[in-house]
Amino acid sequence: CNFEYGLTIIQNREMDCYEVNFNRSWAEYATGFGKPYADYWLGLQHLYDILQNHLRFVLAVKLKLDGTEYQSYYNNFDITDTANGFQYSSNRYNAGVGIGTGDSIGQLFSTYDNDHSGQNCANRFHGGWWYTSSVTCSLANLNGERNGPNFESTIHWSNDKGQRTDFDYVLMWIDRKN
């Protein structure tokens, strides 16, 4: 964590590193797993605690695909506590400078053992994520498998990127805003 500048990495997927399994339980997504210098998830409870210490945060998503970086921002990013399912909220998506990723984040965090989507999304997508309650679940699966058995279960970000699953890396972080 780089608290001097307000940046905190919440998710990292390095495609040439040893793969950490992201198909984890609710408890594991709450506390975090992996190694910060490789595949990593900070933990939803840690994220929630950090978000309580400042009024405004921005969530940034960066994808690298075929050597090109795509980056987008979600202003006034927040999540609820565990009792309310770590529900995602943001008042505005912004493509930022450069090439945006498109808006592909749902609202309800689900894992295979705690489905808030009502659609069994975490089981279908092989990883925890902020899914929607629609039958399609989400346009993204950044916590899926590298080489999943089908498109849904493979790491993907569909909005503006089509059905691409061959990312060089995926990175999510939060940044304090004044």
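In what follows, every heavy atom counts, from backbone to side chain, and hydrogens, waters and symmetry copies are set aside. Keep in mind that what you see is a predicted model, and the values were worked out from it rather than measured. The first residue in the sequence is number 1, and the count goes up from there.
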* Asked: Is R146 paired with D39 through a side-chain N to carboxylate O contact shorter than 4.0 Å?
  -> yes

* Answer whether the closest heavy-atom distance between the side chains of S90 and N76 falls below 4.5 Å. => no

* Considering all heavy atoms, the nearest S153-G148 contact -> OG-CA, 3.4 Å

* Asked: Between the side chain of Q87 and the main-chain N/O of D81, is any donor-acceptor distance below 3.5 Å?
  -> no

* To do: Apply side chain to side chain contact (heavy atoms under 4.5 Å, CB included) to E14 and Y37, showing your working.
  => CA-CA 9 Å; E14 294 284 340; Y37 53 84; over 6 Å; no

* Roughly how far apart are F151 CZ and F125 CZ, rounded to 0.5 Å? -> 8.0 Å

* Work out which heavy atom in R24 is nearest to a heavy atom in V20; give both atom names and the distance. => NH2-CG1, 3.3 Å

* 4.5 Å side-chain heavy-atom contact, S117 and S133 -> no

* Rounded distance [0.5 Å steps], CH2 in W41 versus CG in L44 -> 5.5 Å

* Is there a side chain to side chain contact (heavy atoms under 4.5 Å, CB included) between L139 and T132 once you walk through the steps? -> CA-CA 9 Å; L139 294 174; T132 67; over 6 Å; no

* Sequence-distant partners of T82, side chain to side chain contact (heavy atoms under 4.5 Å, CB included), two or more places apart -> W26, Q45, F86

* Asked: Is there a side-chain contact between L59 and M172 (heavy atoms, below 4.5 Å)?
  -> yes

* Minimum heavy-atom distance between V58 and F77, given as atom pair plus value -> C-CB, 4.3 Å

* Counting distance only, does the side-chain N/O of N53 pair as donor-acceptor with the main-chain N or O of D49 below 3.5 Å? -> yes

* Residue pair I155, V170: steps toward the side chain to side chain contact (heavy atoms under 4.5 Å, CB included) verdict -> CA-CA 9 Å; I155 298 168; V170 173; 4.3 Å; yes

* To do: Sequence neighbours left out, what pairs pass salt bridge (charged side-chain N to carboxylate O under 4.0 Å, His left out) with at least one residue falling in residues 118-142?
  => R124-E152

* Is there a donor-acceptor pair closer than 3.5 Å between any side-chain N or O of N12 and the backbone N or O of A38? -> yes

* Asked: For R176 and R56, what are the C-alpha separation, side-chain angles and deciding distance, and is it a side chain to side chain contact (heavy atoms under 4.5 Å, CB included)?
  -> CA-CA 6 Å; R176 279 190 323 233; R56 295 184 333 171; over 6 Å; no

* Asked: From C121 SG over to Y131 OH, what is the distance, rounded to the nearest 0.5 angstrom?
  -> 6.5 Å

* Check: T31 main-chain N/O paired with H46 side-chain donor or acceptor under 3.5 Å -> yes

* Does L51 reach the side chain of I79, with side-chain heavy atoms less than 4.5 Å apart? -> yes

* Asked: Heavy-atom distance under 4.5 Å between the side chains of Y112 and S25, does that happen here?
  -> yes

* Structure fact -> For S138 and W130 the tightest heavy-atom approach is OG-O, 4.4 Å

* Nearest-0.5 Å distance, CZ of residue F33 to CG of residue L42 -> 10.5 Å

* To do: Specify whether Y74 and Y88 have parallel, tilted or perpendicular ring planes, treating 30° as the upper limit for parallel and 60° as the lower limit for perpendicular.
  => perpendicular

* To do: Please round to the nearest 0.5 Å and tell me the distance separating atom CD of Q119 and atom CG of L108.
  => 11.0 Å

* Could you check if a side-chain atom of N23 sits within less than 4.5 angstrom of a side-chain atom of T111, using non-hydrogen atoms only? => no

* Listed by chain and number, what are the salt bridge (charged side-chain N to carboxylate O under 4.0 Å, His left out) partners of K35, not counting sequence neighbours? -> none

* Structure fact -> Scanning both residues in full, the closest heavy-atom pair of F109 with G85 reads CB-O, 3.7 Å

* **W129 vs L142 side-chain heavy atoms within contact, under 4.5 Å** => yes

* Is the number of heavy atoms from other residues, nucleotides or ligands within 6.0 Å of CG (N150) greater than 12? -> yes

* Of the non-hydrogen atoms in H126 and N123, which two are nearest, and what is the gap between them? -> CD2-O, 2.9 Å

* Side-chain H-bond candidate by donor/acceptor type, D66 with T68, under 3.5 Å -> no

* Pairwise distance CG(N141) to CZ(F22) - rounded to 0.5 angstrom -> 11.0 Å

